[in-house]
Asks: 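Here you go, one structure.
FYI, the numbering just counts along the sequence from 1.
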Amino acid sequence: MNTKKLITAGIFSLITISTMNAQKKPHLDKTKPIEERIDLLMKQMTLEEKVGQMNQYNGFWEVTGPAPKEGNAELKYKHLRDGWVGSMLSVRGVKQVKAVQKIAVEETRLGIPLIIGFDVIHGYKTLSPIPLAEAASWDMEAIKKSAQVASDEASAVGINWTFGPNVDVSHEARWGRVMEGAGEDAYLGSKVAIARVTGFQGDTRADLAKVNTIAACAKHFAAYGFAEAGRDYNTVDISNSRLYNEVLPPFHAATEAGVRTFMNSFNILNGIPATGNSFLQRDILKGKWNFDGFVVSDWASVREMIAHGFAKDGAEATQKAVIAGSDMDMESYLYVVELANLVKTGKVKEALVDDAVRRILRVKFELGLFDDPYRYCDEKREKATIGSKANIAGVLDMAKKSIVLLKNEKNLLPLQKSGQKIALIGALANDKNSPLGSWRIASDDNTAVSVLEGMQQYKGNQLTFEKGADLTVGKTAFVDELVFNTTDKSGFDAAKKVAASADVVVMVLGEHGFQSGEGRSRTNLDLPGVQQELLEEIYKVNPNIVLVLNNGRPLALPWAAAHIPAIVEAWHLGTQTGNAVAQVLYGDYNPSGKLPMSFPRNVGQCPIYYNNYSTGRPTNGEGNVFWSHYTDVEKTPQFPFGFGLSYTTFDYKNVRINKPAFAKGESVVVSVDVTNSGNYDGKEVVQLYLHDDAASLARPVKELKGFELIDLKKGETKTVTLTLTDKELGFYDNDGNYLVEPGTFKIMVGGSSDKGLESGFELL
């Protein structure tokens, strides 16, 4: 059934309440506790009005213009006036939000305000780096501030709810949505989840009532990042051990940080779509974790349970989703059509509807919408906030901290500030659109500072730009497949000419901003189009190349790793891309980022991740072929998790543990001396990894269990202390029970997951 028929059917299946609209709206005493105000309001709500609160529509007409007179827009408009809409998404801008909010508040019987949602993934209009890049900073305060910038701008245009953060852990570089998360590790992902939630919402639930905060949404619940073969929306089939120990911890951390909403995922888990999965939504989230916010479906995921083969029609899909704990239906048009009748026929208990509505109303009260529905609708604040100097400075700071130096030989970096002839090559070097990344639907095209513009701020060198080759052909858009240039090499000769006479060549290559993100899975992780050929041709005339990568996922670049002397991972850094890259290249900012995901040697290694399991044959102990390895490439990644260089060097010495054995409940205190042994001041991420030697379930070869970002002056030494408690020493069994078992443990402390100083202790 198409959308129009669904909505039309809904009109005739619901009781018309337009005659009630003239009745006096309920008085809700602001001095009363929120739960009492919810009780009072719900006593006055019809079943249809309750169902309406569980219905979310996308923006559907020019809300500041006349009321629509036909089609789906007219039907949705009628639902809105009748109080059958609880939330809208993609309505943005003070004038638009105020207009649609006015209908809900002033023209419906009860005047319940809308919650306005939007995908504020890494900024609203002033864009920070993509979330994966932010995670590379390992700087939780910077990540929190970045979310605050996004919240500041979004709230200023009338939005009060973001569909973020994405806290999906993923080991799969082929999956395009890795750009939205914090990478492959649950511990780092949990820390980032807390930073982002508190950045959006504030540190306490009371902060949610502030005008510059918005409700956050932890997504996608759960296991979406483990889609088979990295193909978006694909099947997920994982063990309980992986679910409890790797997938769920960042979600749990988000609940502990006070996140007010969750979004379920598109995938199945144990054969059941997440939208209809009671185990996830009722047993774990609302049961074990005592989550009292609400769950929204992902786009049309209620209806998609029919395609999954889990529901025969819209009515059954609605029934299963509500019973499983999906509180709000995003763009399936099913709750508003089917749910009231399901309650009346006894197929869904009204108590489940009441629970969902209470959760939705609770968040609206916490946002202050009942006290002032137009509190986010201040045109003066909108004008003053969007693109403010403070916000631009904030995203520039975040962008610099997100850059990872992967290789630096021949002393090419930092660049000299005078006396050098520099050739800048690559279409992405002069691109003001691609660096904005994938989720930038509110930002304006071509508003990024390009790398060319950033480097032009440094006047002491002779800088010459040549494109070399186009990356894409035709238009590029959020909803369209990209077409890459695979044949036109007409610009190669001009690029080779400037490269041949240069002291240093800076090449900006990688993915287009729309090449990663939702629906952007890849089976190759190389440089698309003719970029690899361009790189090799330039290398022939001048091997002094600094390769600057723009990408939204780990890439597999074995040739570049072997031949190019300097490689800078610069991701898609948002609005201030060019300034951030230039300041790092010229040494005004010493790169300090560390990889949040492993970079494979080739796509055949995927999925690849540092916290793997030993297997029964981890090494070549007997000198034959029968051990866990590849015959054609090393089994290690090209660049491992936690890896990142600096323009200075750091020495680790004297790792020590406060005693050799501990009772359960005691803290294990690990200390190490870190010295800046190079020629520049710099930052280092000191990382602590743990291995449980023998447990009731096999444990990974190492797991990140602590880190600290420190500043060190040239020649300075600091003692860094990291503490392990039962929270870090244990793990979940296959039933979700948390265990802290006696035994021996190894630790490793260093600047990456692949090497460091080792020690150990015993837990009695």
Asks: By the definition ring-ring contact (aromatic ring centres under 6.0 Å, His included), identify the one residue from Y738, F221, W289, Y244 that meets it with H252.
Replies: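 Filter result, single survivor: W289.
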Asks: Is a side-chain donor or acceptor of E741 paired with a backbone partner of S696 at a separation under 3.5 angstrom?
Replies: yes
Asks: Compute the centroid of each ring, for Y333 and then for Y57, and state whether the two points are separated by less than 6.0 Å.
Replies: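 Centroid distance Y333-Y57: below 6.0 Å, so yes.
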Asks: Answer yes if the side chains of Q53 and K364 hold a donor-acceptor pair under 3.5 Å, and no otherwise.
Replies: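 A pair is found: one side chain offers a donor N or O, the other an acceptor, under 3.5 Å apart.
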Asks: Show the numbers, then the answer: is there a salt bridge (charged side-chain N to carboxylate O under 4.0 Å, His left out) between E180 and R177?
Replies: CA-CA 5 Å; E180 288 183 57; R177 299 197 81 168; 2.6 Å; yes
Asks: For residues L188 and P596, report the shortest heavy-atom separation together with the two atoms involved.
Replies: CD2-CB, 4.1 Å
Asks: Could you check K191 against D185 for salt bridge (charged side-chain N to carboxylate O under 4.0 Å, His left out), going step by step and ending with a plain yes or no?
Replies: CA-CA 10 Å; K191 299 298 183 183; D185 182 70; over 6 Å; no
Asks: Yes or no on side chain to side chain contact (heavy atoms under 4.5 Å, CB included) for I143 and S137, after CA distance, side-chain angles and deciding distance?
Replies: CA-CA 8 Å; I143 294 171; S137 73; 3.9 Å; yes
Asks: Looking at the rings of W175 and Y224, which for Trp means the six-membered one, are their centres under 6.0 Å apart?
Replies: yes
Asks: Of all heavy-atom pairs between V295 and G325, which one has the smallest distance, and what is that distance?
Replies: CB-O, 3.7 Å
Asks: To the closest 0.5 Å, what do you measure between OG1 (T213) and CG (N160)?
Replies: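 If we round to the nearest 0.5 Å, T213:OG1 and N160:CG are 9.5 Å apart.
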Asks: Any donor and acceptor pair, going by atom type alone, linking the side chain of D139 with main-chain N or O of E141 inside 3.5 Å?
Replies: yes
Asks: Looking at every non-hydrogen atom in both residues, tell me the closest pair between L127 and R440 and how far apart they are.
Replies: CD1-CB, 3.2 Å
Asks: Verify the ring-centre separation between W161 and F118: is it less than 6.0 angstrom?
Replies: no
Asks: Would K320 and F310 count as a cation-pi pair here, with the cationic atom under 6.0 angstrom from the ring centre and within 45° of the axis?
Replies: yes
Asks: R242 vs E246, test: salt bridge (charged side-chain N to carboxylate O under 4.0 Å, His left out). Steps then yes/no.
Replies: CA-CA 5 Å; R242 175 151 282 173; E246 299 178 34; 3.2 Å; yes
Asks: Rounded to the nearest 0.5 Å, what's the gap from CG on N55 to CD on E331? Could you check?
Replies: 8.5 Å
Asks: Judged by modelled atom types alone, do N267 and S265 share a side-chain donor-acceptor pair under 3.5 Å?
Replies: yes
Asks: Counting only heavy atoms not in R231 (residues, nucleotides, ligands), do more than 12 fall under 6.0 Å from its CZ?
Replies: no
Asks: Taking everything shown except K347 itself, do over 12 heavy atoms lie less than 6.0 Å from its NZ?
Replies: no
Asks: Check this for me, if you would: do E48 and K344 make a salt bridge, where the nitrogen-to-carboxylate-oxygen distance has to be below 4.0 angstrom?
Replies: yes
Asks: Run the ring-centre check on H220 versus F262 and record whether the distance is less than 6.0 Å.
Replies: no
Asks: List the steps and the verdict of side chain to side chain donor-acceptor pair (under 3.5 Å) for Q687 and S753.
Replies: CA-CA 8 Å; Q687 303 163 44; S753 65; 5.9 Å; no
Asks: For the pair R260 and D292, evaluate salt bridge (charged side-chain N to carboxylate O under 4.0 Å, His left out) and give the outcome as yes or no after the intermediate values.
Replies: CA-CA 8 Å; R260 300 312 296 132; D292 66 351; 3.0 Å; yes
Asks: Might you work through the side chain to side chain contact (heavy atoms under 4.5 Å, CB included) test for M305 and L334, ending with a clear yes or no?
Replies: CA-CA 12 Å; M305 291 199 292; L334 288 179; over 6 Å; no
Asks: Testing the basics here: between L80 and A104, what is the closest heavy-atom pair and its distance to 0.1 Å?
Replies: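 In this case the closest contact between L80 and A104 is CD1-CB, 4.4 Å.
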Asks: Do T318 and E338 have a side chain donor and acceptor closer than 3.5 Å?
Replies: no
Asks: Only one of R362, R358, K286 clears salt bridge (Lys or Arg N to Asp or Glu O under 4.0 Å) with D327; which?
Replies: K286
Asks: Knowing that exactly one of N277, I323, L352 qualifies, which makes a side chain to side chain contact (heavy atoms under 4.5 Å, CB included) with R282?
Replies: L352
Asks: Checking S326 side chain against V322 main chain: does a donor-acceptor pair fall under 3.5 Å?
Replies: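 Checking the backbone N and O of V322 against the side chain of S326, no donor-acceptor pair under 3.5 Å is found.
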Asks: Give the minimum heavy-atom separation between F745 and L729, together with the two atoms involved.
Replies: CE2-O, 3.9 Å
Asks: Can you tell me if D355 uses its side chain to pair, donor with acceptor, with the backbone of A351 under 3.5 Å?
Replies: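 Answer holds: no.
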Asks: Quick one: do L89 and Q56 satisfy side chain to side chain contact (heavy atoms under 4.5 Å, CB included)? Show the steps, please.
Replies: CA-CA 7 Å; L89 69 153; Q56 182 185 62; 3.6 Å; yes
Asks: Look only at the side chain of E366 and the backbone of L208, and say whether a donor-acceptor pair between them is shorter than 3.5 Å.
Replies: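 Such a contact is absent between E366 side chain and L208 backbone.
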Asks: Atom CD1 of I38 and atom CE of M45: how far apart are they, to the nearest 0.5 Å?
Replies: 10.5 Å
Asks: Indicate yes or no for a side-chain donor-acceptor contact from Y689 to the backbone of E703 under 3.5 Å, with no hydrogens or angles considered.
Replies: no
Asks: Ring centres under 6.0 Å, that's the criterion: do F514 and W439 meet it?
Replies: no
Asks: Under the side chain to side chain contact (heavy atoms under 4.5 Å, CB included) rule, what do L243 and L269 come out as? Steps first, then yes or no, please.
Replies: CA-CA 10 Å; L243 176 69; L269 183 70; 4.1 Å; yes
Asks: Hey, what do you get for CD (E304) to OG (S297), rounding to the nearest 0.5 Å?
Replies: 9.0 Å
Asks: Quick one: pull up OG in S170 and CE in M597 and give me the separation to the nearest 0.5 Å.
Replies: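 The CE atom of M597 is 5.0 Å from OG of S170, to the nearest 0.5 Å.
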Asks: Could you measure the distance from the CD1 atom of I130 to the NE2 atom of H572? Nearest 0.5 Å is fine.
Replies: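 If I round to the nearest 0.5 Å, the distance is 6.5 Å.
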Asks: Say whether, by atom type as modelled, one donor and one acceptor occur between the side chain of N734 and the main chain of S241 under 3.5 angstrom.
Replies: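 Checked: pair present.
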Asks: Counting only N and O atoms by type, is there a donor-acceptor contact under 3.5 Å from the side chain of S190 to the main-chain atoms of A186?
Replies: yes
Asks: I'd like to know if the side chain of S332 reaches the main chain of D329, judged simply by a donor and an acceptor atom lying under 3.5 Å from each other, with no hydrogens or angles considered.
Replies: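 No, the answer is negative, given that no donor and acceptor are paired below the 3.5 Å cut-off.
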Asks: Flag the pair D298 / K219 as yes when at least one side-chain heavy-atom distance between them is below 4.5 Å, and no otherwise.
Replies: no
Asks: Do E518 and S438 have a side chain donor and acceptor closer than 3.5 Å?
Replies: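 The criterion, which ignores hydrogens and geometry beyond distance, is not satisfied for S438 and E518.
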Asks: If only side-chain N and O atoms count, and only distance matters, is there a donor-acceptor pair under 3.5 Å linking S402 with E134?
Replies: no
Asks: Can you name the nearest heavy-atom pair linking M179 to G552, along with the distance?
Replies: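 Result for this residue pair: CB-O, 3.1 Å.
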Asks: Taking atom types as modelled, is there a side-chain donor on N264 or T275 under 3.5 Å from an acceptor on the other?
Replies: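 Yes, because at least one side-chain N or O of N264 sits under 3.5 Å from a partner of the opposite role on T275.
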Asks: Hey, is K50 close enough to D354 for a salt bridge, meaning N to O under 4.0 Å?
Replies: yes
Asks: Do R92 and Y376 form a cation-pi contact, if we require the NZ or CZ to be under 6.0 Å from the six-membered ring centre and within 45 degrees of the ring's axis?
Replies: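 Geometry flag: not set, cation outside 6.0 Å or 45°.
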Asks: For K288, look at atom NZ and say whether over 12 heavy atoms of other residues, nucleotides or ligands are found less than 6.0 Å away.
Replies: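 Atom NZ in K288 is crowded, with more than 12 foreign heavy atoms closer than 6.0 Å.
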Asks: Can you confirm whether V169 sits close enough to V247 that some side-chain heavy atom of one is under 4.5 Å from a side-chain heavy atom of the other?
Replies: no
Asks: Is it true that a side-chain atom of D232 and a backbone atom of S521 form a donor plus acceptor pair closer than 3.5 Å?
Replies: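 Judged by distance alone, no pair lies under 3.5 Å.
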